[in-house]
Trainee: 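This structure is in structure tokens; I'll ask about it shortly.
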Protein chains: 2
Amino acid sequence: MASRTRRAERREEPLSRERIVEAAIALLDTAGEGGLTFRALSERLATGPGAIYWHVTGKDELLLAAADAVVTGSMSAGAAGPADATPQDAIRALALGVFDAIDAHPWIGTQLARTPAQSPLLRVFEGLGRQVRALGVPHAAQFTAASALLNYILGVGGQNAANARAHHPAGSRTEFLETAAAAWAALDPEEYAFTRDVAAQLRDHDDRVEFLAGIDLILGGITADR
Amino acid sequence: MASRTRRAERREEPLSRERIVEAAIALLDTAGEGGLTFRALSERLATGPGAIYWHVTGKDELLLAAADAVVTGSMSAGAAGPADATPQDAIRALALGVFDAIDAHPWIGTQLARTPAQSPLLRVFEGLGRQVRALGVPHAAQFTAASALLNYILGVGGQNAANARAHHPAGSRTEFLETAAAAWAALDPEEYAFTRDVAAQLRDHDDRVEFLAGIDLILGGITADR
DNA sequence: ACCTGAACACCGTTCAAGT
DNA sequence: ACCTGAACACCGTTCAAGT
């Protein structure tokens, strides 16, 4: 009956690819990765599931378009930055933009990790590459440097999405890290000597700080032999 | 009828978690990520789909166990190495072990990217951390260094899996890169100046070499300020 | 204790039929 | 041209019933 009312209100505007993608993002944000269903989506759009196929070829394309829209939005928001920023700062800002987008929409972490370097990621790659070039990296090494940065960002994104999936149903992030750190501390002292030893760091670390520290390691390697 | 024969032959050994995981790996390798189905799996094991649930709690656990088995196998194969290797070499060997495992079984790339730092990855993390420590990294920075390496490895793994998915149905890897490079070269000259410029590197690069170059960038950053 | 396989509650996608 | 919604061919998972 709630859906009946919404149905009546909503149906002024016609269906469009844009409205479908928008509704898909809302669904993914509220109901998670498993919540995006052509049935749920069509109900929200007050239509039948088949109608969606007129504007979108299938679920894969829809997921890609949704991730694309979010990443594009996050880049135009953060990419500006101060004009006198160093290339390092510009790279950090770019990376944080993707990081924060994944933090706000965990499902794109999974999505980007399974997307080949196509549409949504290409803009990020381009942005990273320009700054790599601005760092004075020789031409032959630019592809490697930009790729390394992007791959690292994607790896963290996937991990973050996995962690969000792991703790969101159960409780807070702090509890989750507490539990994970306790599990690390209880590992076999011989077989997992190192992991046990850094369990406290797992518990106390700040995701953003840690992420940027990793970026800085790569930046350090890129600029090491100048 | 082929399945009838197999059914008759196979059914001497009883069902076990180990046999189920083994069959799941075989199915994933031959039929891809979409090929792992409880129905297909139960047919291969000459039983009903319900029987599998006696040994395994569900599909998620099965996928995790399959990835775990492959990674564990690949680590015991490659982790030995020469005893006098430098920490850098040991890290490269470890990283290449995971890389090659993903190359041989692309589905674990997707799987690992969505696994939080649990079972299969914990052994990799431990191995990386020990070598980080052997590099003389101060205690407070060890967690960051090992995490950065692992996240980079996972990012590349996810990308490789995505690429394998993208080109396997159509044709060879070379053709795929050729097409992708051509697409890059045809991008807008203003908006994608950098990406266009490195299109040739995309076409000619060697995945393993590029992967190791990224590892070396991070290693460079880790050891830069010693 | 372990296995069987029918049944349940879903999916993504297609397609004849409507406007 | 665009939408509708029933129907198809699947899924993962459960569970009464068997041995």
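This one's a predicted model, so the numbers in the text were calculated from it and none came from an experiment. Letters A, B, ... mirror the listed sequences (proteins, then strands); counts begin at 1.
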Trainee: Is B:E18 atom CD crowded by more than 12 heavy atoms from other residues, nucleotides or ligands, each under 6.0 Å away?
Mentor: no
Trainee: B:T37 side chain: which of D:dC11, C:dC11, C:dA6 is closest?
Mentor: D:dC11
Trainee: Would you say the side chains of B:T144 and A:E210 form a donor-acceptor pair under 3.5 Å?
Mentor: yes
Trainee: Any side-chain N or O of B:W54 under 4.0 Å from OP1/OP2 of C:dC3?
Mentor: no
Trainee: Is B:V198 close to B:W184 at the side-chain level, that is, under 4.5 Å between some pair of heavy atoms?
Mentor: yes
Trainee: How many whole angstroms separate atom CG of A:L36 from atom P of C:dC11?
Mentor: 11 Å
Trainee: Answer with yes or no whether the side chains of B:R165 and B:T110 bring together a donor and an acceptor at under 3.5 Å.
Mentor: yes
Trainee: Mind telling me whether B:F143 and A:H205 have parallel, tilted or perpendicular rings, with 30° and 60° as the class edges?
Mentor: tilted
Trainee: Round to the nearest Å and state the distance from B:L62 atom CG to D:dC11 atom P.
Mentor: 15 Å
Trainee: Quick check on DNA chain D: between B:K59 and B:A51, whose nearest nucleotide comes earlier from the 5' end?
Mentor: B:K59
Trainee: Quick one: B:Y53 OH to D:dG12 P, roughly how many Å, whole number?
Mentor: 7 Å
Trainee: Using the closest heavy atom to pick a nucleotide of DNA chain D for each, name whichever of A:R39 or A:H55 lands nearer the 5' end.
Mentor: A:H55
Trainee: Quick one, B:F211 and B:L96 - any side-chain contact, counting heavy atoms below 4.5 Å?
Mentor: yes
Trainee: In whole angstrom, what separates A:I20's CD1 from D:dC2's C1'?
Mentor: 11 Å
Trainee: How does DNA chain D read in dot-bracket, base by base from 5' to 3', with Watson-Crick or G-U pairs under 3.5 Å and | used when the partner is on another strand?
Mentor: ||.|||||...|||||.||
Trainee: With nearest nucleotide decided by heavy atoms, which residue, A:G34 or A:G50, maps closer to the 5′ end of DNA chain C?
Mentor: A:G34
Trainee: Below 30° counts as parallel, above 60° as perpendicular, anything between as tilted: where do the rings of B:F194 and A:F125 land?
Mentor: tilted
Trainee: Rounded to the Å, how far apart are B:L15 CG and C:dG5 P?
Mentor: 13 Å
Trainee: Starting at CD1 of A:I52 and ending at P of D:dG5, how long is that distance when rounded to a whole Å?
Mentor: 13 Å
Trainee: Calculate the interatomic distance between B:E43 atom CD and D:dG12 atom P; express it in whole Å.
Mentor: 14 Å
Trainee: Quick one: label A:L41 by what it contacts on the DNA or RNA (base, sugar-phosphate, nothing), any heavy atom closer than 4.0 Å.
Mentor: nothing
Trainee: Atom CD of B:E61 and atom P of D:dG12: how far apart are they, to the nearest Å?
Mentor: 15 Å
